[in-house]
Trainee: 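Handing you a structure now.
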Amino acid sequence: MYTQAMDLMPKGSDRPSTPLSATEQQLLDRFEARIDDGGFIEPKDWMPEHYRRTLVRQISQHAHSEIVGMLPEGNWITRAPTLKRKAILLAKVQDEGGHGLYLYAAAETLGVSRDELIGQLHAGKAKYSSIFNYPTLTWADVGVIGWLVDGAAIMNQVPLCRCSYAPYARAMIRICREESFHQRQGYDALLVMMRNGTPRQREMVQDAVNRWWWPSLMMFGPPDDVSSHSAQSMRWGIKRISNDDLRQKFVDATVPQAKVLGVTLPDPELRWNEARQHFDFGSIDWDEFWRVVGGDGPCNRERLADRVDAWEEGAWVREAALAHAAKTEAQRQAA
Ligand SMILES: [Fe+2]
Ligand SMILES: [Fe+2]
């Protein structure tokens, strides 16, 4: 994964409250001029506090989404139908762990520690993509997650490769290459079931598509007119394309893929609009979105509990790594 428009925070809660001094205003002007020129901001450069906080929030929500995103699919590693599918799924889930690692490291360049961010996630105070609070009921869900969820993630993430904050942009370039493999492996798994599978397997794919379609569209975040951070994020080059435009791009790209696959997307209002040169689609249930984001989705509690367990069970690994690092450092100093 996986970002959904990661700007989920109460309106106005991170606005600067005191007026800027003349020096700060000069620094801000220089900072904005660099962004306007298409330049990048590095960790040691001056940046407005609001920019730093916006990035910490977005990158950490993104990192959390990567590692929580390992859980629904990890559930299927032991039950993958063939050795080949198991190896692919294992590699994909490991990639997501790696994405979390790059992103926590990028967030740390902004002056927060990984422990602090993980602590917020485990205390239920941090957001992550709402999509991972839905259950993976059958093997077809694994394919549909690759196709739709990783597909939506790519749409969201490709523009982030040009994000004005350089460490985030660099992390995204590597992540996007891996996401495209994730999307293709999912689509391939579904294609095999649709073309060579039994009627029951084809039904399984259709059922998974029915359950994941709308949550996938929600991954692009709230509509532009209610998205509280979009305008400022666009101004500062953190965000390049609006939530609604990305959602439309995703729908336009996915409809022909569904046709090739032979599945129906569960939206009676989905149709080509010749005048707009885009597909029209039905309205999204935003009440469901906010309910799930707010902690009341089908699997929120289970996901957080699994994360906390994984953290606690992994304590010995962290202790061993720290002990090894201390020993190596002591040996280096003695030499
Ligand atoms: Fe992925
Ligand atoms: Fe990922």
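All values derive from a computational prediction rather than experimental measurement. Counting starts at 1 for both ligands and their atoms, in listed order.
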Trainee: So which N/O/S atom does His99 have closest to the Fe ion (ligand 2)?
Mentor: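 Output for this pair reads ND1.
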Trainee: Looking at Asp150, which of its N, O or S atoms is the nearest one to the Fe ion (ligand 1)?
Mentor: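 Nearest N/O/S atom of Asp150: OD1.
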Trainee: Less than 4.5 Å apart, any side-chain heavy atom of Thr254 and any of Phe279?
Mentor: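 Answer no - side chains too far apart.
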Trainee: Under 2.8 Å from the Fe ion (ligand 2) - does any N, O or S atom of Glu66 fall there?
Mentor: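 It does: Glu66 brings an N, O or S atom closer than 2.8 Å to the Fe ion (ligand 2).
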Trainee: Near the Fe ion (ligand 2), is there an N/O/S atom from Asp95 that is less than 2.8 Å away?
Mentor: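 No - counting backbone and side chain alike, Asp95 has no N, O or S atom under 2.8 Å.
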Trainee: Can you check whether Pro266's main-chain N or O pairs, donor with acceptor, with Trp214's side chain at less than 3.5 Å?
Mentor: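 A pair under 3.5 Å: yes.
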Trainee: I'd like the atom name of the N/O/S atom in Glu179 lying closest to the Fe ion (ligand 2).
Mentor: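 Output for this pair reads OE2.
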Trainee: Residues two or more places apart in sequence or in another chain: which of them pass side chain to side chain contact (heavy atoms under 4.5 Å, CB included) with Leu89?
Mentor: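 Leu89 satisfies side chain to side chain contact (heavy atoms under 4.5 Å, CB included) with Glu73, Trp76, Ile77, Val93, Trp139, Val142 once adjacent residues are dropped.
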Trainee: Quick check for you: with the Fe ion (ligand 1) as the vertex, what angle do ND1 of His182 and OE2 of Glu96 span, to 10°?
Mentor: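 Value, to the nearest 10 degrees: 90°.
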Trainee: Distance-only check: which donor-acceptor pairs under 3.5 Å involve side-chain atoms of residues 313-327, not counting sequence neighbours?
Mentor:
from   : atom 1 : to     : atom 2 : distance (Å)
Trp316 : NE1    : Glu313 : O      : 3.3
Arg318 : NH1    : Trp311 : O      : 3.1
Arg318 : NH2    : Trp311 : O      : 3.0

Trainee: Is the shortest side-chain N to carboxylate O distance from Arg247 to Asp244 below 4.0 Å?
Mentor: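 Result for this pair is yes, salt bridge flagged.
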